[in-house]
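Every chain is numbered from 1 and lettered A, B, ... according to where its sequence line falls, protein lines coming before strand lines. Owing to the predicted nature of the structure, the values given are computational and were not obtained by experimental measurement.
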Amino acid sequence: MNRAKRERIMARLAERDPDPTTELHYDTPFQLLIAVILSAQSTDRGVNAATAGLFPAAPDAESMLALGVEGVKEYIRTLGLFNNKARNVIETCHMLVERHCGEVPRQRAALEALPGVGRKTANVILNTAFGEPTIAVDTHIFRVANRTGFAPGKNVRAVEDHLVKVMPKAYLRHAHHWLILHGRYVCTARKPRCAECRIHDLCEYPDKTA
DNA sequence: ATCCCGAGGG
DNA sequence: CCCTCTGGAT
């Protein structure tokens, strides 16, 4: 795919939602960090349902530690992988308090050192909490990048590098959310809504519904 | 490559 | 039933 076509694709995705953001509910960088840790292999709706109970009970790292692993589990049992997530949430809070004064660090290395935080989660925090031009490649963006031909790659890291390399700079800051929202609501995994897609004419995926 | 693992959709 | 959902650690 050439640069001009990528420009047109991003212009159309931006047109639909000029100022996109996450659909996860949060008030502070700390809450965003916890919500993103919980979001692994789960829907944002499910995460919001869980944090609606969790955050009032534990709005910051210190109060989360007071809940403990079993306490956190009570709120997130409706999410998949909840045993791992509860353990990681508490371990992450320990590290935030001991090494970062209870705050969320702004450095990638410090973020990725937190249990349950890998490159994807770190990229979301850097972009959404701190405004950096990172692109977190999740299941949606991996699919959209490959399916459309915008930035194909064999694994998530290859797709991320490809996206950062070819993304028009004007769109880099919000590219993550434009792509993810398109993947979530239009370019869905099972039955993509090609008939309703605003970049249908620019996409390299053969429309099975046509 | 494999395990972790609940809820919703088709 | 099977697949998917803003993955990470081993």
Side-chain angles (χ1 to χ4, degrees), chain A residues 13 17 20-26 29 31-54 69-70 72-96 104 108-130 132-148 150-151 153-160 163-164 167 173-195 208-209:
Chain A
L13 295 183
D17 192 351
T21 186
T22 178
E23 295 186 334
L24 293 170
H25 297 166
Y26 71 100
Q31 292 183 2
L32 177 63
L33 173 62
I34 300 303
V36 178
I37 289 174
L38 296 180
S39 72
Q41 302 294 284
S42 303
T43 61
D44 61 333
R45 265 181 42 181
V47 173
N48 288 336
T51 57
L54 179 64
V69 174
E70 294 306 316
V72 170
K73 277 186 192 175
E74 293 184 23
Y75 293 100
I76 70 170
R77 205 163 274 150
T78 52
L79 300 174
L81 318 179
F82 68 91
N83 282 304
N84 287 340
K85 289 174 181 177
R87 187 161 20 86
N88 287 334
V89 163
I90 292 301
E91 260 315 297
T92 283
C93 288
H94 272 298
M95 290 184 61
L96 291 182
V104 179
R108 173 186 298 285
L111 285 167
E112 293 188 11
L114 300 170
V117 179
R119 187 175 181 87
K120 179 263 173 182
T121 297
N123 277 333
V124 174
I125 302 303
L126 289 171
N127 179 264
T128 304
F130 302 132
E132 293 192 22
T134 58
I135 300 180
V137 178
D138 64 355
T139 180
H140 294 300
I141 294 185
F142 183 77
R143 179 179 64 251
V144 171
N146 276 297
R147 186 184 273 169
T148 60
F150 191 101
K154 300 179 191 67
N155 52 61
V156 294
R157 185 55 191 270
V159 168
E160 179 186 335
L163 276 171
V164 171
M167 182 64 63
R173 176 79 80 103
H174 295 296
H176 168 67
H177 287 119
W178 278 318
L179 293 172
I180 203 171
L181 291 171
H182 183 66
R184 180 177 298 165
Y185 295 114
V186 182
C187 196
T188 52
R190 273 236 190 134
K191 202 179 112 185
R193 302 178 173 181
C194 298
K208 304 271 195 327
T209 68

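- The nearest whole Å value for the distance from the CG atom in A:Leu79 to the C1' atom in B:dC4 is 13 Å.
- Atom CZ of A:Arg87 is separated from atom P of B:dC5 by 9 Å (rounded to the nearest Å).
- Among all heavy-atom pairs drawn from A:Thr78 and A:Ala50, the shortest one is OG1-CB, 4.5 Å.
- Checking the phosphate oxygens (OP1, OP2) of C:dG7, a side-chain nitrogen or oxygen of A:Gln41 falls inside 4.0 Å.
- Under 4.0 angstrom from either OP1 or OP2 of C:dG8 there lies no side-chain N or O belonging to A:Asn88.
- A:Pro29 approaches A:Ala129 most closely through the heavy-atom pair CB-CB, 4.4 Å.
- Atom C1' of nucleotide C:dG7 and atom CG of A:Asn155 are separated by 14 Å, given to the nearest angstrom.
- Remark: P of B:dG8 and CG of A:Asp44 are 13 Å apart, rounded to the nearest angstrom.
- The gap from the P atom of C:dT10 to that of B:dC5 amounts to 15 Å, rounded to the nearest Å.
- Phosphate contact (OP1/OP2 of C:dG8, side-chain N/O of A:Thr121, threshold under 4.0 Å): present.
- Computed from coordinates, the A:Ile76 CD1 to B:dA7 C1' distance equals 14 Å when rounded to whole Å.
- Distance, A:Lys85 NZ to C:dA9 P: 13 Å, rounded to whole Å.
- OP1 or OP2 of C:dC5 lies within a sub-4.0 Å distance of a side-chain N or O belonging to A:His140.
- Whole-Å rounding puts the A:Asn48 CG to B:dA7 C1' distance at 14 Å.
- Closest of all the heavy-atom pairs between A:Phe82 and A:Ile76 is CB-O, 3.4 Å.
- Atom-to-atom, CG of A:Asn123 to C1' of C:dG8 comes out at 14 Å; the value is rounded to the nearest Å.
- Residue A:Arg184 places at least one side-chain N or O under 4.0 Å from the OP1 or OP2 atom of C:dT6.
- Of the listed nucleotides (B:dC4, C:dT6, C:dG7), B:dC4 has the atom at the smallest distance from the side chain of A:Asn84.
- Under the 4.0 Å criterion applied to side-chain N and carboxylate O atoms, A:Arg87 and A:Glu91 are not assigned as salt-bridge partners.
- A donor-acceptor pair is defined here as one N or O able to donate and one able to accept, closer than 3.5 Å; no such pair exists between the side chain of A:Thr51 and the backbone of A:Leu54.
- Rounded to the nearest Å, the gap between the P atom of C:dT6 and that of B:dA1 is 25 Å.
- Side-chain N/O atoms of A:Thr139 include one lying less than 4.0 angstrom from OP1 or OP2 on C:dC5.
- A gap of 22 Å separates the C1' atoms of B:dC4 and C:dC1, to the nearest Å.
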